[in-house]
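Right, one structure below, let's go through it.
These numbers come from the heavy atoms of this one structure, side chains and all, not from hydrogens, waters or symmetry mates. Chain letters run A, B, ... following the sequence lines, proteins first and then strands; every chain starts at 1.
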Number of protein chains: 2
Amino acid sequence: MTEATIRDVAARARVSVASVSRALNGLNNVRGDTRDRILAAAEELGYVPHAGARSLSLARAHSIGVVLPDLHGEFFSECVRGMDREASRRGYLLLLSNMHDESDRAMKALRAMRGRVDGLLVMAPHVAPELLKEALSPALPAVLINCRQATPTRPSLRIDNHAGAEAVVRHLVASGRKRIVHLAGPEGNVDARERAEGYCRSLEALLPGTAPVILPGDFNESAGDAAARRILAGEIACDAVFAANDMMALGCLHRLREAGIAIPETIAIAGFDDVPLARYLGLTTVQVRIAELGTRAVARLLDQLEGKMQGNEEVLLTPELVLRGTTATNSQI
Amino acid sequence: MTEATIRDVAARARVSVASVSRALNGLNNVRGDTRDRILAAAEELGYVPHAGARSLSLARAHSIGVVLPDLHGEFFSECVRGMDREASRRGYLLLLSNMHDESDRAMKALRAMRGRVDGLLVMAPHVAPELLKEALSPALPAVLINCRQATPTRPSLRIDNHAGAEAVVRHLVASGRKRIVHLAGPEGNVDARERAEGYCRSLEALLPGTAPVILPGDFNESAGDAAARRILAGEIACDAVFAANDMMALGCLHRLREAGIAIPETIAIAGFDDVPLARYLGLTTVQVRIAELGTRAVARLLDQLEGKMQGNEEVLLTPELVLRGTTATNSQI
DNA sequence: TTGTATGCGTTATCAC
DNA sequence: GTGATAACGCATACAA
């Protein structure tokens, strides 16, 4: 009950394995009738080429490694969906692995890819540039997604967090908010850092003289809840909260509403990412096209693999501000 | 700048490739000092074994193929997360592929796994049993998840949809509902069918004489919206809607609320799955532990691969009813 | 303990 | 057009 090999097909068709290989790969240097015999034999045996052996011989695995951190639901699935779309369109499979927080397990995950994939897609917003560079084999093409990079030695894709944050602050200021606080993401995370930077810069530009107020957070809903409690306790005075991601914004929104605070009248709230929940709950946020991020990352990697080189520049995807109820400006300004 | 092979290591350590292999794989039949030389050489060259070659030689790829349909966000990510947890714990990688709707692409996806994986995890609630059986090579171990199966020839995992549906109906009846309609999922989908069956059976058992009313749906939010419109138009008389999944329930909920219908007073609504949105919006639903489904599927497959055979029985995971606001019974009964 | 040789399933380079 | 045969990178049975 073991799988038929190319030799079995050759024996049955009374030809050499070379001819089988040629016939099955559509080369034209094989006579019509022998080709037919071979195809028939393969069909009868239910022959399927052994991809592992094939890739060893061709030095091409036709699959790409995807190493992602522990992402929350929608973000993860959208990203993988986008990647899979482009990959399967171009005949590649995705080999998935987690970029664990402990850097030594992360290194292992990267090493495990060697010899099974033609290239790597790495998303590691929390990993230090040197560590990442060290863990990546120079021999294996890779596209970096939302990674910190000391010097741009790899092609990379990034969300333009500065632009997104600026759009939020601009909107809040335009709708009359004076005391905008920022609820930050985890330390060491590039996205979080850049969103905070964007907040600070825009505040300085649009509301000169106003000191930025940054509350610590970790991208989890509970951090938003905690921030809301501090606001309710009177520790923080503000008329707008800009959270570094949607989950924190929603945690904050939930708690404030429950305490009877009028949203957006008393306090406006905005997030970042535009997860489906944000749409449902009417949260103003910055829409990041995750699936597109994945699709483009794959496209970039495969272009590189197939010789259509593009250099190592960093491509920035500009996110879009989505206005919803938590900052509604109808009666304002 | 090409990757070092075992031969490079052998040359540098002045030993044969056999010794390198032995040393690196931790066999004890190699002298201490030569082992050290080898390890040092490997380290200096940054040698990482070529997994492809290794698996060809060992006839073990240490990775498993995962073929999923086009799942909505949370379901997909939770499932993969659960799988990855168990897989990486036991030293396996996940090779991902989409089970497309067109059965011929689906077959291709399955074939593409040959020679790269040690076993398959297949979720295909929409695929006919014969087609599925035909597409699966008997030589490749596989665990079926939420699949229809004529005769149980493969180990499989399933959600106990009957039990879940029954729990919902029982709850609705207990809280005084008399006219419960069911909003069904797509035809041909096992989960959808079983939930509808569970609804019918429970209705017959708990509300004898009441004719079941089943509205067509497709698991999408818009189907819930459409059903709500029919209810609002007076086409359907009911005091409770049990949707075959959460998204439809939420679509229905949204539309009814917008039309001023009191939920749950006038109409109660329940879903199935317990996606995060359900929790946020207070939707009564049936909680399916997706991640656990993935984890157990992997465990089952690896047990089989590692010789701990378990037979081909179908394991049912019992979901749990989660009571929330859309069916709240405080003032009822 | 160590080395040589063979095989894993393909593809590719030669001859014929 | 077709068939041997040498890679691909590794593991291992067998010799030494």
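- We find that CZ of A:Arg37 is positioned 11 Å from C1' of D:dT2, with the value rounded to whole Å.
- Panel note: side chain A:Thr295, backbone A:Gly82; a donor-acceptor pair is recorded below 3.5 Å.
- A salt bridge links A:Glu306 and A:Arg90; the closest N-O separation between the charged side-chain nitrogens and carboxylate oxygens is under 4.0 Å.
- Salt bridge A:Glu86/A:Arg81: absent, no basic N to carboxylate O contact under 4.0 Å.
- In plain terms, the two heavy atoms of A:Pro141 and A:Gln304 that are nearest each other are CB-NE2, 3.8 Å.
- Salt-bridge annotation for B:Glu292 and B:Arg85: absent, with no side-chain N of the basic residue lying under 4.0 Å from a carboxylate O of the acidic one.
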Encode nucleotides 6-16 of chain C as B, S and - characters from 5' to 3', where the letter depends on protein heavy atoms closer than 4.0 Å: B to the base, S only to sugar-phosphate, - to neither. -BBBBBBB---
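- Sorted by residue number, the list of members of residues 90-97 of chain A with any non-hydrogen atom under 4.0 Å from DNA chain C is empty.
- Salt-bridge annotation for A:Glu130 and A:Lys133: absent, with no side-chain N of the basic residue lying under 4.0 Å from a carboxylate O of the acidic one.
- Rounded to a whole Å, the CG atom of B:Leu45 is 12 Å from the P atom of D:dC10.
- One can place CG of A:Asn28 at 8 Å from P of D:dG1, the figure rounded to the nearest angstrom.
- Smallest separation of non-hydrogen atoms from A:Leu68 and A:Met83: CD2-CE, 4.4 Å.
- Separating the CZ atom of A:Arg60 from the P atom of D:dG9 is a distance of 14 Å, rounded to the nearest angstrom.
- Counting any heavy atom pair closer than 4.0 Å across all strands shown, A:Thr34 reaches sugar-phosphate atoms only and no base atom.
- B:Gln149 and B:Arg154 form no side-chain donor-acceptor contact under 3.5 Å, judged by distance and modelled atom types alone.
- Rounded to 10 degrees, the angle separating the terminal helix axes of the helix from C:dT1-D:dA16 to C:dC16-D:dG1, each built from five base pairs, is 50°.
- Judged by distance alone, with hydrogens and angles left aside, the side-chain atoms of A:Asn189 form no donor-acceptor pair with the main-chain N or O of A:Pro186 at under 3.5 Å.
- Rounded to an integer number of Å, the gap from CZ of A:Arg116 to P of D:dC10 is 13 Å.
- The nearest pair of heavy atoms linking B:Ile64 to B:Leu302 is CG2-CD2, 4.0 Å.
- A:His126 NE2 to A:Asp191 CG: the interatomic distance, rounded to the nearest 0.5 Å, is 11.5 Å.
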